[in-house]
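Report on the following structure.
Since this is a predicted model, take the numbers as computed values, not measurements.
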Amino acid sequence: PSSSSSSSLNSTVQFEMIGETQIAVPTHFFKVILAHNDNESKDKQFVIGGFIVPNKKISPNRSLESFAVKDIQIIEKLSGFELFPQIPKKVIQTATPLCVAHKCILPRQQFQSSKNDHYNQEE
């Protein structure tokens with residue numbers, strides 16, 4: 001896959017196509033987490049984390065934090081989704097970053113894969 005972009009987050013992405021029906025293989029995945037404590041008062045403490053991860057094998061030495069985005073608006077713009085539309089923007093903007101509040105660690109799990117596996121190529 002290849003891409004080109006400018007500073008305004010405009011980009012063009014070319015996807016690998018597989019199978020007889022030519023299905024596009026995503027180059028990246030994203031995950032956004034918004035959580036709060038169980039405090040029943042109005043003073044809930046929110047944490048937020050957004051990550052964009054490449055769709056390929058990741059070195060076990062790579063930290064999850066290296067995939068974190070500073071602002072989930074980046075993910076919204078790239079994906080075309082409006083995330084958490086029911087939550088006031090101020091809550092999202094003032095939430096503590098997830099990797100600051102908690103350790104952001106990738107699991108060190110080995111999966112069995114073949115040497116010819118497309119996703120077995122480290123970045």
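Among all heavy-atom pairs drawn from E76 and K89, the shortest one is OE2-NZ, 4.0 Å.
In this structure, the side chain to side chain donor-acceptor pair (under 3.5 Å) partners of S66, at least two apart in sequence or on a different chain, are R62. For F29, there are no ring-ring contact (aromatic ring centres under 6.0 Å, His included) partners, not counting sequence neighbours. Taking A68 as the reference, F51 meet the side chain to side chain contact (heavy atoms under 4.5 Å, CB included) condition, with sequence neighbours excluded.
Side-chain atoms of L78 and F30, non-hydrogen and from C-beta on, never get closer than 4.5 Å to each other. Between L34 and I48, the closest side-chain pair of non-hydrogen atoms falls below 4.5 Å.
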Which pairs of donor and acceptor atoms, one on a side chain in residues 93-105, lie under 3.5 Å apart (sequence neighbours left out)?
unit_1 : atom_1 : unit_2 : atom_2 : d
T94    : OG1    : K90    : O      : 2.7
T94    : OG1    : V91    : O      : 3.4

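Within 6.0 Å of the NZ atom in K70, the count of heavy atoms belonging to other residues, nucleotides or ligands does not exceed 12.
Under the side chain to side chain contact (heavy atoms under 4.5 Å, CB included) rule, I18 has a single partner from E16, Q22, E20, which is E16.
Put simply, CD1 on I58 and CZ on F67 are 4.0 Å apart, with the number rounded to the nearest 0.5 Å. Summarising the geometry, atom CD1 belonging to I75 is positioned 11.0 Å from atom CD belonging to Q73; distances are rounded to the nearest 0.5 Å.
Here the side chain of T21 pairs no donor or acceptor atom with the backbone of I23 at under 3.5 angstrom.
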Checklist entry - Is there a side chain to side chain contact (heavy atoms under 4.5 Å, CB included) between I92 and L83 once you walk through the steps? => result CA-CA 10 Å; I92 292 172; L83 304 170; over 6 Å; no
